[in-house]
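So that we are looking at the same thing, I have put the structure below in structure tokens.
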Amino acid sequence: MDLSLWMSSLMALLTPEVIAFNLFGVVVGLLIGALPGLSATMAIAILTPITFWFEPQCGFAMLIGVWNAAIFAGGISAILINTPGTPASIVSTFDGYRMFKQGKGGLALGLNVLYSAFGGILSTIFLIFLSFQIAKFTVTFGPTEYFMLAFFGLIMMISVSENNVVKGMAMGFLGLTISCVGIDPILASKRFTMDTTALVAGVSFLPAMIGMFGIGEILNQIFEFSKKKEAEANAQIELVKKGGNLGRILPTWAQVKQFFRPTLIAGTESTIIGAIPAAGGDIASIICWGQAKRMSKHPEEYGNGSPEGFAVSCTANNGVLGGALTTMLTLGIPGDAVTAILIGSLMMYGMQPGPKMFTEHADFVMQIMQLMLLSNLVFIVIGLLSAKLSARILNAKPQTIWVSVIALCVVGSYALNNSFTDVLIMAFFGIAGFFFKRGKYPAGPFILGLLLGGMLESNLRRALVMSHGSLMIFLERPVTLVLCIMILLTLFYPLIKKKLKGKRFY
């Protein structure tokens with residue numbers, strides 16, 4: 001790594017504008033992450049079009065601030081009302097809420113801030129030292145490798161689609177189909193445009209994403225809303241208000257030493273898990289929490305208000321981010337839904353994630369890494385200062401949130417190209433997203449198929465031109481052969497596991 005380039009990139013970031021955008025992103029992420037039902041994915045999807053008007057450093061400072069802060073903030077509602085603010089905080093409810101009921105709510109809020117930041121910083125260190133080495137290896141990739149990588153990323157997302165591979169595959173291939181609308185990448189002929197100029201450029205990724213994750217989620221919340229649920233939520237918030245003194249926030253030095261080994265292991269494990277496409281913070285938290293419980297001297301405390309178990313789950317929440325970003329930057333494959341959106345953001349700025357980015361935009365790659373570190377440091381300060389005020393975030397009425405999100409979705413979609421067509425695309429996919437959610441069809445594979453469709457098709461056709469139509473080209477190169485084997489194992493592993501379940505081989 002070029003130290004002089006690293007320092008020059010850092011100096012370019014240490015400006016009042018970049019720091020202000022990052023601080024704003026952290027505050028927005030904290031607010032959205034703490035509110036159940038609103039996710040980091042939704043926040044990034046809504047804010048991405050707005051960043052188009054900013055310099056790349058400022059835009060990404062805001063998005064990365066939102067991402068890091070929203071994941072940690074999901075633990076606030078998990079602690080206070082036993083409801084995870086984001087999916088990554090599901091395991092935080094195991095010990096966090098019980099700590100609050102035991103009078104250790106302040107300590108739980110403090111641990112949530114400190115160990116989420118610890119996991120994020122540790123995974124970013126892995127990102128800094130490993131990503132350039134991975135990029136050096138992948139810089140020799142050609143059309144065959146890029147096709148297999150994109151296909152592998154899509155298959156990985158499909159394979160963990162809420163335990164329903166068939167629905168995941170259907171959504172993934174629907175996204176691939178819609179990505180074919182527009183101009184043929186090889187022959188430059190029109191396809192599926194229905195004789196309208198509005199679709200010549202294809203279906204815009206960002207409006208579709210905003211509709212799917214923003215409008216679709218809000219419509220689903222409105223559909224499920226009831227006075228009974230509102231009364232239950234209000235009762236929980238009143239319990240928080242009556243909690244009075246939450247106690248101390250910072251852990252003791254003895255606790256820090258006790259937590260160091262399990263959280264260090266959890267941070268390392270979650271970074272590796274995060275590098276696997278579609279394996280997000282919820283999966284990492286479950287795995288790391290279970291592993292720590294098995295290794296603990298007091299496993300009976302886990303799930304009953306264990307500060308150690310809670311620290312492990314918080315570390316794993318944000319520990320996946322560096323791993324997901326490593327996969328995104330080096331291979332151009334999103335590690336999770338948020339990094340899929342960040343790929344679209346980079347493309348919006350004229351950058352293509354992958355090996356070439358480390359040569360053509362090496363300075364910006366370093367700035368992304370530095371922004372990850374900066375975001376964690378900023379949310380430590382903001383999180384600790386606001387820890388005892390967190391309950392007030394939960395007072396927001398759902399109707400107010402719905403109207404605000406819908407307004408941001410409309411404005412963001414229109415502002416992207418000043419086009420009403422994008423608003424219609426957003427509305428269409430918002431309604432589609434609602435029905436997909438009701439039918440438990442995962443949106444992730446669809447968005448990923450739409451995003452990776454161009455990369456899949458163009459590289460497949462280039463590879464077939466090179467081989468004169470022979471598919472054997474995908475088995476002749478070592479990397480593509482390994483990826484092909486991994487794809488087959490990923491697709492058929494659930495079936496094999498089901499067949500072998502309960503059988504003994506001794």
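These numbers come from a predicted model, not from an experiment.
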> Do other residues, nucleotides or ligands put more than 12 heavy atoms under 6.0 Å from the CZ atom of F24?
Replying inline: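 For F24, atom CZ is not crowded (no more than 12 foreign heavy atoms under 6.0 Å).
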>> Looking only at the aromatic ring of each residue, does the gap between the centers of F94 and F310 stay below 6.0 angstrom?
In response: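 Ring centroids of F310 and F94 are no less than 6.0 Å from each other.
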> After noting the C-alpha distance and the side-chain angles of F379 and N318, does the key distance pass the side-chain contact (heavy atoms from CB on, under 4.5 Å) rule?
Replying inline: CA-CA 12 Å; F379 87 60; N318 283 60; 4.0 Å; yes
> side-chain contact (heavy atoms from CB on, under 4.5 Å) between F118 and L111: does it pass, once the steps are laid out?
Replying inline: CA-CA 10 Å; F118 175 73; L111 291 176; over 6 Å; no
> Does some side-chain heavy atom of L373 sit less than 4.5 Å from a side-chain heavy atom of I128?
Replying inline: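 A side-chain contact under 4.5 Å exists here.
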> Got a sec, which residues hit side chain to side chain donor-acceptor pair (under 3.5 Å) with R438, two or more places apart in sequence or on another chain?
Replying inline: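 Here the qualifying residues are N220, E224.
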> CE of M62 to CG of L23: how many Å apart, nearest 0.5 Å?
Replying inline: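 With rounding to 0.5 Å, CE (M62) is 12.5 Å from CG (L23).
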> Roughly how far, to the nearest 0.5 Å, is the CD1 atom of I125 from the CE atom of M372?
Replying inline: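 M372 CE to I125 CD1: 11.5 Å, rounded to 0.5 Å.
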>> As a quick check of understanding, evaluate side-chain contact (heavy atoms from CB on, under 4.5 Å) for M369 and L325, giving each step before the final call.
In response: CA-CA 9 Å; M369 299 172 183; L325 205 54; over 6 Å; no
>> For a quick test of reading the model, state the closest non-hydrogen atom pair linking M328 to P353 and the distance between them.
In response: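 Distance-wise, the nearest heavy atoms are O-CB, 3.5 Å.
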> K437: what forms a salt bridge (charged side-chain N to carboxylate O under 4.0 Å, His left out) with it, not counting sequence neighbours?
Replying inline: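 In terms of salt bridge (charged side-chain N to carboxylate O under 4.0 Å, His left out), with neighbours along the sequence ignored, K437 is linked to E217.
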> Is the shortest heavy-atom distance from the side chain of P262 to the side chain of M295 under 4.5 Å?
Replying inline: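 Counting from C-beta outward, P262 and M295 never come under 4.5 Å.
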> So which heavy atom on N376 is nearest to which on G120, and how close?
Replying inline: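 Residues N376 and G120, closest heavy atoms: OD1-CA, 3.7 Å.
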> Are any of the side-chain heavy atoms of I343 and T339 separated by less than 4.5 Å?
Replying inline: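 They are not in side-chain contact.
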>> Treating T252 as the side-chain partner and Q255 as the backbone partner, does any N or O pair qualify as donor plus acceptor under 3.5 Å?
In response: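 Yes, the answer is positive, given that a donor and an acceptor are paired below the 3.5 Å cut-off.
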> Which heavy atom of G433 sits nearest a heavy atom of M212, and at what distance?
Replying inline: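 For G433 and M212, the tightest heavy-atom pair comes out as CA-SD, 3.4 Å.
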> How far does OG1 of T124 sit from CD1 of I368, to the nearest 0.5 angstrom?
Replying inline: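 Rounded to the nearest 0.5 Å, the OG1-CD1 separation comes to 11.5 Å.
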> Can you name the closest pair of heavy atoms from D95 and G303 and give their distance?
Replying inline: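 Shortest heavy-atom contact: OD1-N, 2.7 Å.
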>> Looking at every heavy atom in both S92 and A78, which two are closest together, and how far apart are they?
In response: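 Heavy-atom minimum between the residues: CB-CB, 4.0 Å.
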> Under 3.5 Å, is there a donor-acceptor pair between the side chain of S179 and the main chain of L176?
Replying inline: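 Yes.
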>> Checking Y302 now: which residues fulfil ring pair (Phe, Tyr, Trp, His ring centres under 6.0 Å) with it, not counting sequence neighbours?
In response: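 Ring pair (Phe, Tyr, Trp, His ring centres under 6.0 Å) list for Y302, sorted by chain: W289.
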> Side chains of S375 and N22: donor-acceptor distance under 3.5 Å anywhere?
Replying inline: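 Indeed, the side chains of S375 and N22 share at least one donor-acceptor pair under 3.5 Å.
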>> Taking the side chain as everything from C-beta on, heavy atoms only, tell me whether F60 gets closer than 4.5 Å to L346.
In response: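 Of all side-chain heavy-atom pairs linking L346 with F60, at least one is under 4.5 Å.
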>> Ignoring hydrogens, what is the shortest heavy-atom contact between D422 and P207? Give both atom names and the distance.
In response: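 Taking every non-hydrogen atom into account, O-CB, 3.4 Å.
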>> With heavy-atom distances below 4.5 Å as the criterion, would you say the side chains of I272 and F126 are in contact?
In response: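 Not touching, per the 4.5 Å side-chain cut-off.
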> From Q370 CD over to I64 CD1, what is the distance, rounded to the nearest 0.5 angstrom?
Replying inline: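 That separation rounds to 10.5 Å.
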> Which pairs, with at least one residue in residues 107-119 and sequence neighbours excluded, count as a side-chain hydrogen bond (donor to acceptor under 3.5 Å, both in side chains)?
Replying inline: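 side-chain hydrogen bond (donor to acceptor under 3.5 Å, both in side chains) check on residues 107-119 returns no pairs.
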>> Rounded at 0.5 Å granularity, tell me how far CD in Q102 sits from CG in L107.
In response: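 Atom-to-atom, Q102:CD and L107:CG are 10.5 Å apart.
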>> I'd like to check the side-chain contact (heavy atoms from CB on, under 4.5 Å) partners of L250; sequence neighbours left out, ordered by chain and number.
In response: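 By the side-chain contact (heavy atoms from CB on, under 4.5 Å) rule, L250 matches L114, L384.
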> Should E308 and E301 count as side-chain neighbours, where that means a heavy-atom distance under 4.5 Å?
Replying inline: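 E308 does not reach E301 side chain to side chain.
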>> Taking side-chain contact (heavy atoms from CB on, under 4.5 Å) as the definition, give me every residue that meets it alongside F260, ordered by chain and number, with sequence neighbours left out.
In response: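 Per chain and number, F260 pairs via side-chain contact (heavy atoms from CB on, under 4.5 Å) with L264.
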> Hey, does E17 have a side-chain heavy atom less than 4.5 Å from the side chain of F54?
Replying inline: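 No, their side chains stay 4.5 Å or more apart.
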>> Quick one, I79 and M99 - any side-chain contact, counting heavy atoms below 4.5 Å?
In response: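 Not in contact.
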> Run the side-chain contact (heavy atoms from CB on, under 4.5 Å) check on V26 and V66 step by step: do they pass?
Replying inline: CA-CA 5 Å; V26 168; V66 171; over 6 Å; no
> Would F429 and F446 count as a close aromatic pair, with their ring centres under 6.0 Å?
Replying inline: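 Yes, ring centres under 6.0 Å apart.
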>> For Q258, is the CD atom crowded, meaning more than 12 foreign heavy atoms sit under 6.0 Å from it?
In response: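 More than 12 within 6.0 Å, yes.
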> Roughly how far, to the nearest 0.5 Å, is the CG atom of L63 from the CD1 atom of I44?
Replying inline: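 Answer rounded to 0.5 Å: 5.0 Å.
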